[in-house]
Amino acid sequence: MNKEPLEEKEILEELASLKAKDFEYSTGRILGSMCTKADPLAKKVFCDFLDANLGDPGLFKGTQYLEEEVIKDIGSFLSIDSPFGNIVTGGTEANLMAMRAARNTAKKNKKIESPEIIVPKSAHFSFEKASDILGLKLIEADLDGNYKLSINSLKENITNNTIAIVGVAGTTELGVIDPIEELSEIAIENDLYLHVDAAFGGFSIPFLNNIGYKLPQFDFRLPGVSSITVDPHKMGLAPIPSGCIIFREKKYLDIMSVEAPYLTSKEQSTIVGTRLGAPAAATWAVMKYIGSEGYETLANECMINTSFLADALHKEDFEVVVNPELNIVAFNHPKIPTDELANILEEEGWMVSTSNYPKAIRIVIMGHISHIHLVDFLSTLRKIKSN
Ligand code: 0PR
């Protein structure tokens, strides 16, 4: 560390030169990210609220109110009138909180001491972290031919130690929606906690259905659903880190609350103690600013671009893994191995990611990717094909 303080100018210059090495969403070259450029208003509000600490909400009553309002607003499009939850540090903390609530509930009510959770093989790796941290046995159910959770496989894996089952509404790799309606029935029949990971799809499925898409139900209308993860920092245009966990009942927050005697609020249920108020305020602002109409337009535009890319890839004889249900397209070249193709694309300046199951190039069509970018991308693919 430097002993003498540096001049502001010098510090900012060094930062600028390092920032120049970062990719920027606005170039349209980031094709494998579920995050995107946050709305400018959200960024401004984020900076205004940087000092607010929701870990001590009695000091920041205005920010606490904003968090409660965001939870209500998100709950409103997930079909719940009185939601309970928090704005947290992304889908990972949200999923961790859901699994903790499920574990503590099963321990109290059913005396389960060797808890197991069943997730689809497609579940995000945050469940692996949650299992490790919470001492859960992680059981991965198989997928069906469309890469969705196989209900039969899930049923076969239920034991007396099962404390939660998980469905994903918009899988990380392919963006498909698990059969949550059937999971809800199974949860009720077997008295199980059902968590829905809609980190990606939560900010698009409801809005797409508003404008005539017929995507499957996944929210609190299904009586078996106990909690939902939905990330404002993905399709919600909020800045990182803005995740959200919503519970159907307050008892799930209570079962994991710990005493915080010397703070202005005497109990805490979140994993993080001192926690940013800025994401809650910024998410509140961006949701007011965009409104449901804006989210409908955004989700629809992403879907139009997704269909365009999937159709064009078909025509160019690339193998599209599944018909996209949300805004992710996964594909392979008939001859070039996936990793090799990803490397060639990177050399050409396209930052794609690859899925593992099945192995494929994975393109997440976020709002920063426009039709023109896709036309450009397709011409690179054509060039690669002809070489
Ligand atoms: N659940 C689902 C379904 C997810 O897709 C993700 C993240 C999470 C939970 C965890 O969310 P956080 O990362 O907010 O904790 N999915 C993305 C992924 O792993 C995250 C991401 C975003 C990765 C942007 C890279 C990137 O550039 O692909």
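Just follow the structure's listing: the first ligand is 1, and inside any ligand the first atom is 1.
Looking only at heavy atoms of the protein, atom 17 (C) of ligand 1 is closest to Met34 SD, 3.8 Å. Protein heavy atom closest to atom 12 (P) of ligand 1, with residue, atom name and distance, is Gly91 N, 3.5 Å. Annotation: atom 26 (C) of ligand 1 to nearest protein heavy atom, Ser33 OG, 3.6 Å. For atom 19 (O) of ligand 1, the nearest non-hydrogen atom of the protein is His124 NE2, 3.2 Å. Scanning the protein heavy atoms around atom 15 (O) of ligand 1, the nearest turns out to be Thr92 OG1, 2.5 Å.
Put simply, atom 7 (C) of ligand 1 has protein non-hydrogen atoms near it, under 4.0 Å away. Under the 4.0 Å distance rule, the nearest protein heavy atom to atom 22 (C) of ligand 1 falls inside the cut-off.
Between Asp73 and Lys288, some side-chain heavy-atom pair lies under the 4.5 Å cut-off. Side-chain contact between Phe127 and Asn95: present, with at least one pair of heavy atoms (C-beta onward) separated by less than 4.5 Å.
Every atom of ligand 1 is numbered from 1 in the order shown, and the set under 4.0 Å from a heavy atom of Ala199 is 1 (N), 2 (C), 9 (C). Those atoms of ligand 1 that come under 4.0 Å of a heavy atom in Arg362, given as number and element, are 28 (O). For ligand 1, the atoms sitting less than 4.0 Å from at least one non-hydrogen atom of Asn95 are 1 (N), 9 (C), numbered in the order shown with element in parentheses. When each atom of ligand 1 is checked for a heavy atom of Gly90 under 4.0 Å away, the hits are 14 (O), 15 (O). Ligand-side atoms of ligand 1 in range of Cys35: 22 (C), 24 (C), range being under 4.0 angstrom from any heavy atom. Close approach of ligand 1 to Asp231 is summarised as follows: ligand atoms under 4.0 Å from at least one heavy atom of the residue are 11 (O), 14 (O).
For atom 4 (C) of ligand 1, the nearest non-hydrogen atom from the set Val364, Asp197, Ile240, Thr172 belongs to Thr172.
Side-chain polar atoms of Asp197 and Thr229 form no donor-acceptor pair below 3.5 angstrom.
Looking only at distances, no side-chain donor or acceptor of Glu181 sits under 3.5 Å from a matching main-chain atom of Leu222. Of the possible donor and acceptor atoms, one in the side chain of Arg248 sits under 3.5 Å from a partner among the backbone N and O of Val225. Judged purely by atom type and a 3.5 angstrom limit, Ser126 has no side-chain atom pairing as donor or acceptor with the backbone of Thr92. At distances below 3.5 Å, not a single donor-acceptor pair connects side-chain atoms of Asn327 with backbone N or O atoms of Cys302.
With respect to the salt-bridge test (charged N to carboxylate O, under 4.0 angstrom), the residues Arg29 and Asp376 qualify. Arg275 and Glu67 are joined by a salt bridge, as a carboxylate oxygen and a charged side-chain nitrogen come within less than 4.0 angstrom of each other.
Taking only nitrogen or oxygen atoms, main chain and side chain alike, His233 reaches within less than 3.5 Å of ligand 1. For the pair Lys234 and ligand 1, the shortest N or O to N or O distance falls below 3.5 Å.
Note: Phe308 and His371 have tilted aromatic rings, judged against thresholds of 30 and 60 degrees for the angle between ring planes.
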